[in-house]
Amino acid sequence: MAVRSLQHERIESRFVGVGQDEGSGILGRIVFGVTSAAPRIENGAPTLHLKMTDEARDSFAEVWSVSGETRSGTVNDLVFAHNDAYLFCAGFIPASDHYTEAARKTYADAFALVRELSFPKIFRMWNFIPHINGENPHGLEVYRDFCRGRAVAFEEDYASTAGMPAATGIGTWGEGVGFYFLARREGVVRHIENARQTPAYRYPQRYGPKPPSFARATHMRNTLYVSGTASIIGHETVHEGDLGKQWEVATGNIAHLVSAENLAAQGVTDGYTLHDLDRIKVYYRREADLPSVMKLSRAAFHPDADIRFLKVDICRADLLVEIEGIATHRHGSD
Ligand code: 3EB
């Protein structure tokens with residue numbers, strides 16, 4: 001009987017120039033560029049294009065790779081690839097006035113796929129929503145409309161024991177909702193909350209008919225996948241209009257989230273600091289804030305951390321910045 005090599009258990013992401021990711025073991029790629037489109041297989045791997053900028057020179061790709069053989073496929077407009085241990089899947093919901101039903105169906109299809117392919121443990125998800133702060137014809141904010149459909153799919157179609165994963169829900173300049181996620185076949189996957197913040201899935205109704213479906217982070221194999229994190233204490237936005245103060249709260253939230261103290265209380269014997277974060281995305285709302293967020297990032301994160309800045313709308317109209325990343329223990333230089 002074959003013994004599964006630990007090599008096959010490794011999964012990693014990197015940010016590269018568009019088209020700079022030739023090589024084997026690519027599970028999926030996301031092009032943060034100038035157009036949005038439904039995902040398809042490109043150069044042998046599922047590829048999702050998201051319009052996040054007007055400038056081609058600001059484009060980059062996030063590439064997820066594993067060792068060992070991968071297989072890819074398409075079902076119900078979902079495009080996926082997997083090896084023995086991990087699944088990458090991307091999907092797209094065409095532009096619409098109403099997202100509840102389409103989101104419910106598309107996420108239900110995704111959950112059916114993880115069951116059929118036996119990758120029941122989703123550990124990280126990203127959702128990119130156009131006109132996120134706009135209103136639909138019924139006066140419901142687009143983000144809240146999306147959240148309603150996603151919540152119903154999680155309630156009805158996702159294993160109740162699996163728990164909701166770390167996620168990002170953020171704006172895009174494209175038309176249509178693009179999303180991608182990663183799932184694991186077996187092993188321990190732990191979803192983590194933050195004592196400073198109300199679990200998003202328990203936000204009160206004033207933020208929408210159904211709450212957002214995500215955990216603050218997910219821990220797996222010495223790695224902590226940190227969700228999009230903003231200037232929210234409890235369930236309330238704090239420091240409306242003040243970028244510097246929102247930055248302090250958002251990074252403070254992450255610092256506590258990743259700390260040994262917060263993790264120990266949730267069964268994880270590990271602990272990180274802001275300097276352990278990498279593959280960081282800083283989403284900011286106002287063009288004029290870019291120099292500030294770059295300066296604040298340099299002061300907060302490790303000099304070797306790869307950080308990308310994306311100017312998009314954020315799921316609450318009063319939020320100016322949102323930060324995500326992946327915490328691992330750095331090797332080599334300090
Ligand atoms: C928040 O804490 C900010 O809807 O998937 C962060 C991460 C946010 C994920 C999502 C939304 C989502 O509520 C917004």
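Every heavy atom of this structure was used, including side-chain atoms; hydrogens, water molecules and symmetry mates were not. All figures in this text were calculated on a predicted structure; none of them were measured in a lab. We count ligands from 1, going down the list as the structure has it; atoms in each ligand are counted the same way.
If you look at ligand 1, the protein residues with a non-hydrogen atom under 4.0 Å away are N127, Y143, R150, A167, T168, G169, Y203, P212, F214, R216, G228, I232, C315, E322.
Taking a cutoff of 4.0 Å between a charged side-chain nitrogen and a carboxylate oxygen, E62 and R14 do not qualify as a salt bridge. With respect to R184 and E9, a salt bridge is recorded, a charged nitrogen being found less than 4.0 Å from a carboxylate O. Taking a cutoff of 4.0 Å between a charged side-chain nitrogen and a carboxylate oxygen, E42 and R40 qualify as a salt bridge. Using a 4.0 Å cut-off between charged nitrogen and carboxylate oxygen, K245 and E248 do not count as a salt-bridge pair.
Not less than 6.0 angstrom separates the ring centroid of F154 from the ring centroid of Y107.
Ring geometry for Y207 against H235 counts as perpendicular: the plane angle is over 60°, on a 0 to 90° scale with 30° as the lower cut.
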